[in-house]
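When a ligand or atom number is given, it counts from 1 through the structure's own listing order.
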Amino acid sequence: MAEQRTDLDAARRRILADVQPTRERARVALRDALGRVLADRIVAPMDLPPFPASAMDGYALRSGDAVGAPPHRFTLAGTSYAGRPASGPVPKGACVRIFTGALVPDGLDAVAIQEDCTHDENGILVHAPVGPGDHVRRAGHDVPAGTPMLDPGRRLTEYDLGWLAACGITSVAVHGCPRIAVFSTGDELVEPGGVLGPGQIFDANRITLSALLAQLPVHVVDLGIVPDDPGAIREALERADHDCQAVVTSGGVSVGEADHVRDVVADVGRLELWKLNLKPGKPLAYGRLRNAAFFGLPGNPVSTVVTALMLVKPALERLCGMEPEAVLAVPAVLRGGIRHQPGREEFQRGTVSSRHGRLEVTVTGDQSSNRLASFSRANCLVRIPKDAGDLMEGAEVQVLLLGRGL
Ligand code: AMP
Ligand code: MG
């Protein structure tokens, strides 16, 4: 019977359809809100800026007093500093010395920049034309009161925080941070720092997975290394299910005799999906325990990371209440060829750089799925479409930039 393998896009759609946003909510102070996911729409509580303000140092005036050819003569009727407005009405034909950020007095509608002005004993001469609104930031020009600023599902950035603070907002309603359990499976695995027995290796996947997940607004719950023993795997999965909204494991989902994870998942909950039409990352498993979503990633470290980036990250973004970020693919010119047999989508690790105004990418040597070096030296993934054959030197390929939306 032909093996059933799911294409990456189809797997992503199925997983995203299964994962629901957390219903937990919290109100957090703005200073604790970086990277949190908004639960409610934020509507501007006030005009920003709150008053018409000068965008330049110069002289605030009525543009209607500056008709005809320059120069225009004005008398001086006071000074408006940032935070210390000029007082009293400004008579016709008069101007006010003004500085950046200062309130433009009532009735005035333009600022002549000081570089265009001179003064003598009779007042100010403006040597350039001045039109209504020149160099004035009108009230609400950044955002008017009552208009939407940020939508639910938005992951707050540093820049959002500044924008909200400028509107006097001190706290926001956000989604709770889901708890995500992580463990590695394999009798060969030893905690780094321990002593390697014959045939043993140090656990590389858990620290990378935990670090990748920690970039999301989640709590990572580290359940350590679990041996290739169905009882021990069951215990770890049940603990994770009790305590967490998702569990991410590596290893033990392939077809070997020591690969028990799938059977235990099918027993505790249900297995939704197994085997991707993807290289690296074929033996990925997705399912559901009684409560928690389950991601069984292949054990080869490169496969673990590729499937974590392509599937776990968007699924956990959804769990956190976000619309999963679209993967940013950019075109680059391939240096050195890539051999590829049509049939499976593939991601190779590459180094992309800008040369002569365009991006060029070279893959990072031997692409075996155990080679951590291929990732450590990479700053992008090169996408090789399912139906592509060998890619020649100079071909245009799509690259996904690591660390920027990935
Ligand atoms: P598995 O998916 O369990 O068949 O493992 C595939 C390969 O990945 C084997 O060579 C494992 O030794 C290796 N491997 C599994 N888990 C890890 C891990 N946590 N760190 C490093 N290598 C691993
Ligand atoms: Mg194993």
Is the terminal nitrogen or CZ of Arg97 (NZ for Lys, CZ for Arg) located under 6.0 angstrom from the six-membered ring centre of Tyr59 and within 45° of that ring's axis?
yes
For Phe347, does the six-membered ring have the charged nitrogen or CZ of Arg383 within the cation-pi criterion, i.e. under 6.0 angstrom from the centroid and within 45° of the normal?
no
Got a sec, which residues hit side-chain hydrogen bond (donor to acceptor under 3.5 Å, both in side chains) with Asp241, two or more places apart in sequence or on another chain?
none
Within 6.0 angstrom of His127 NE2, more than 12 heavy atoms from elsewhere:
yes
Flag the pair Arg14 and Asp7 as a salt bridge only when some basic side-chain nitrogen lies within less than 4.0 angstrom of an acidic carboxylate oxygen.
no
Could you go through ligand 1 and list every pair where one of its N or O atoms sits under 3.5 Å from a protein N or O, giving the atom names and the distance to one decimal?
residue	atom	partner	partner atom	Å
ligand 1	2 (O)	Gly299	N	2.9
ligand 1	3 (O)	Gly252	N	2.8
ligand 1	8 (O)	Gly299	O	3.3
ligand 1	8 (O)	Asn300	N	3.1
ligand 1	12 (O)	Glu188	OE2	2.5
ligand 1	14 (N)	Gly299	O	3.2
ligand 1	19 (N)	Asp203	OD1	2.7
ligand 1	19 (N)	Asn205	ND2	3.3
ligand 1	20 (N)	Ala204	N	2.9

For the residue pair His175 / Arg25, report whether a side-chain donor-acceptor contact shorter than 3.5 Å exists.
yes
